[in-house]
Amino acid sequence: MVQDSSWNSDDDLDFEIDNFQSSPPSSSSHVDTSSDHMFAKLVDMGYSVDVIARAIEENGPNAETCAIIDTISTYSMNCEASSSKTNTVAHFIAMGFHEEKIIKAIHEHGEENMEQIANALLLSSEVSGDMAEEEDIDWSESDDDDEKDPESFDSCTQLRHMGFSALEASLAVQRCGDDVSIADLADFICAAQIAREFDEFHTDPEEQKPRQNINKRRIVPRRDPITSANAQPLSLPNPMVGFGIPNESVFITHRSLPAIARGPPYFYYENIANAPVGVWETISRHLYDVTPEFVDSKFFCAAARKRGYVHNLPISNRFQIQPAPKLTIQEALPATRRWWPKWDPRTQLNCILTVHASAQLTKWIRSALEAHPGEPPEATKRKVIEQCRRWNLVWVGKNKAAPLDADEIESLLGFPRNHTRGGGISMTQRLKSLGNSFQVDTVAYHLSVLKPLFPDGINVLSLFTGIGGGEVALHRLQIPMRTVVSVEISEVNRNILRDFWEQTNQRGRLIEFEDVQELTNEKIVELMKRVGGFDLVIGGSPCNNLAGGNRVSRSGLEGEQSSLFFEYCRILEVVRETTMEMRRS
DNA sequence: GCGAACATGAATACATTA
DNA sequence: TAATGTATTCATGTTCGC
């Protein structure tokens with residue numbers, strides 16, 4: 001039940017926005033930590049008394065308003081409390097609109113007509129110019145120049161004549177650049193509006209914060225060629241825990257997702273973290289400036305796998321699929337325990353690659369160790385451990401180190417046993433396919449947020465499917481796959497996915513393509529109309545030309561295979577545009 | 001022709017030391 | 001702070017045997 005507003009003064013609005021930003025209030029800000037006052041304010045915001053009481057109880061009577069709002073939003077994410085109406089109000093408040101006008105718009109258009117409410121609010125703010133963001137954003141901080149160029153101003157004027165607000169128009173020009181057509185700018189704004197609507201219940205509270213400093217960095221049009229000269233350095237986190245890992249709440253963090261990046265559809269892109277300098281800057285720039293989430297799978301299983309993920313998924317309320325894998329070699333591969341030398345300090349494996357060590361190497365290790373009946377000399381130990389690390393060898397007998405077999409790799413990567421076995425696949429191909437795949441537990445952790453959002457199933461566009469790491473993750477999360485359109489060049493991998501589909505009695509449709517280039521724009525539109533659109537576009541494009549192990553053609557994103565990343569971008573863009581068109585009609 | 005086995009460094013990040 | 005050392009890396013191309 002939404003109550004009448006009693007805090008619609010500009011001061012109060014500023015206070016709320018400050019709190020949404022999680023920034024410490026300035027000394028001049030009006031901050032009232034009295035729980036009574038806060039209670040009244042939250043009631044005014046439309047939250048139910050029960051929910052507020054519960055949140056205050058959880059956070060303590062001295063908690064700040066933002067903490068309480070976060071908690072309440074968490075309840076709504078969990079579908080346990082909070083009505084959709086309160087979320088609607090909070091959502092538009094977070095966008096910077098006055099509550100009084102929000103309530104009025106809801107009364108006029110009905111709560112379910114989010115788009116009409118948004119339009120009414122935008123129109124209202126256009127007339128009165130009272131959107132908080134417009135007052136807060138310092139447009140002069142663009143480092144291109146201090147004055148708006150006439151062309152941008154013309155675009156803004158035209159957009160405003162089309163009915164968009166000054167804020168929307170300015171933002172669109174800033175984000176897309178000056179050389180973009182009015183039609184494209186209008187599309188950009190519509191995309192953002194639809195995304196906000198769609199994201200109402202799907203993003204965490206932090207992601208819904210107004211980005212007051214959105215223009216305080218250089219905005220490079222996405223279509224610009226990226227060169228090493230203009231790429232901003234993107235450092236890898238240490239420890240590589242992304243936006244959070246299971247059971248380590250100290251690492252749980254929040255992020256600001258650019259408005260243009262918000263779904264629908266959700267997208268999830270993966271590639272190796274240790275790519276040549278500048279590659280991730282380019283990837284991020286082409287995927288709507290979304291900050292990559294770099295995660296090492298050593299926090300999810302007994303093997304390292306440093307990967308970057310660019311996605312627009314919510315990051316609150318992630319959960320791990322069970323049973324959680326063992327995190328040490330000795331626990332994951334208990335048979336090795338008996339033979340593990342005390343002088344080998346490894347407890348986790350390095351990244352699982354596509355090839356394994358030669359028999360010559362394991363033979364050399366055995367000979368080197370058998371040459372010394374007792375403990376080997378330090379130099380020998382060092383050399384053996386170095387090779388064991390290099391080739392991920394484990395101890396399978398006395399003085400006997402061996403590469404992992406395919407079954408063990410399947411287990412470490414989170415695949416069902418024998419996932420890649422059978423169907424005439426050779427061991428070499430099996431190892432290659434596994435070495436190129438996702439670590440399922442890691443990906444599932446990120447995708448887990450989709451489970452409450454798609455209880456009736458999900459339509460997936462799976463690019464560079466490989467052996468189906470994404471599909472296995474969704475299956476293990478028990479998210480029904482209504483449709484999977486899979487694109488995979490390798491016949492062997494396609495067979496593996498098809499086997500998985502049949503073996504697990506999937507009820508949905510599996511539609512297969514060989515080549516991403518076969519998936520023309522027209523074909524994508526046709527497919528989307530056929531299956532009802534895609535909810536998730538997932539894939540990791542080839543890393544051949546990025547990987548450190550490649551001594552021959554590590555040529556970066558322009559390489560023969562790795563340049564297929566741009567196909568991912570093309571396809572994603574078509575899916576997004578078509579999604580918007582389908583929602584309009 | 002196919003699969004298995006094998007030899008083939010360098011780019012990069014991070015830690016240590018002077 | 002710069003130099004040096006250490007660790008890591010979803011690989012490719014060639015040869016050989018069946």
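Below, chain A is the first sequence line, B the second, and so on; all start at residue 1.
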*asked:* Starting the side chain at C-beta, find the nucleotide from B:dC14, C:dC10, C:dT12 nearest to A:I272.
replied: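 Between B:dC14, C:dC10, C:dT12, the one nearest the side chain of A:I272 would be C:dC10.
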*Determine the interatomic distance between C1' on C:dT6 and the same-named atom on B:dG9; round to the nearest Å.*
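Those two atoms are separated by 16 Å.
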*Would you tell me if any nitrogen or oxygen in the side chain of A:S426 comes within less than 4.0 Å of OP1 or OP2 on B:dA4?*
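Answer yes for this pair, as a side-chain N or O of A:S426 is under 4.0 Å from OP1 or OP2.
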Determine whether the side chains of [X] and [Y] contain a donor N or O and an acceptor N or O closer than 3.5 Å.
X	Y	value
A:S541	A:E567	no
A:E331	A:T328	yes
A:E293	A:Y268	no
A:N521	A:R570	yes

Restricting to nitrogen or oxygen on both sides, can you table the protein-nucleotides 7-11 of chain B pairs closer than 3.5 Å?
unit_1, atom_1, unit_2, atom_2, d
B:dT8, N1, A:R551, NH1, 3.1
B:dG9, N7, A:R551, NH2, 3.1
B:dG9, N1, A:G548, O, 3.2
B:dG9, N2, A:G548, O, 2.7
B:dG9, N3, A:R551, NE, 3.4
B:dA11, O4', A:R554, NH1, 3.2

*Should B:dT16 form a Watson-Crick or G-U wobble pair with both distances under 3.5 Å, which nucleotide is its partner?*
C:dA3
*Tell which nucleotide pairs with C:dC10, taking only Watson-Crick or G-U wobble pairs whose two distances are both under 3.5 angstrom.*
none
*Can the ring centres of A:F500 and A:H419 be said to be less than 6.0 Å apart?*
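Yes, ring centres under 6.0 Å apart.
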*Give one of base, sugar-phosphate or nothing for A:K432, where a contact means two heavy atoms less than 4.0 Å apart.*
nothing
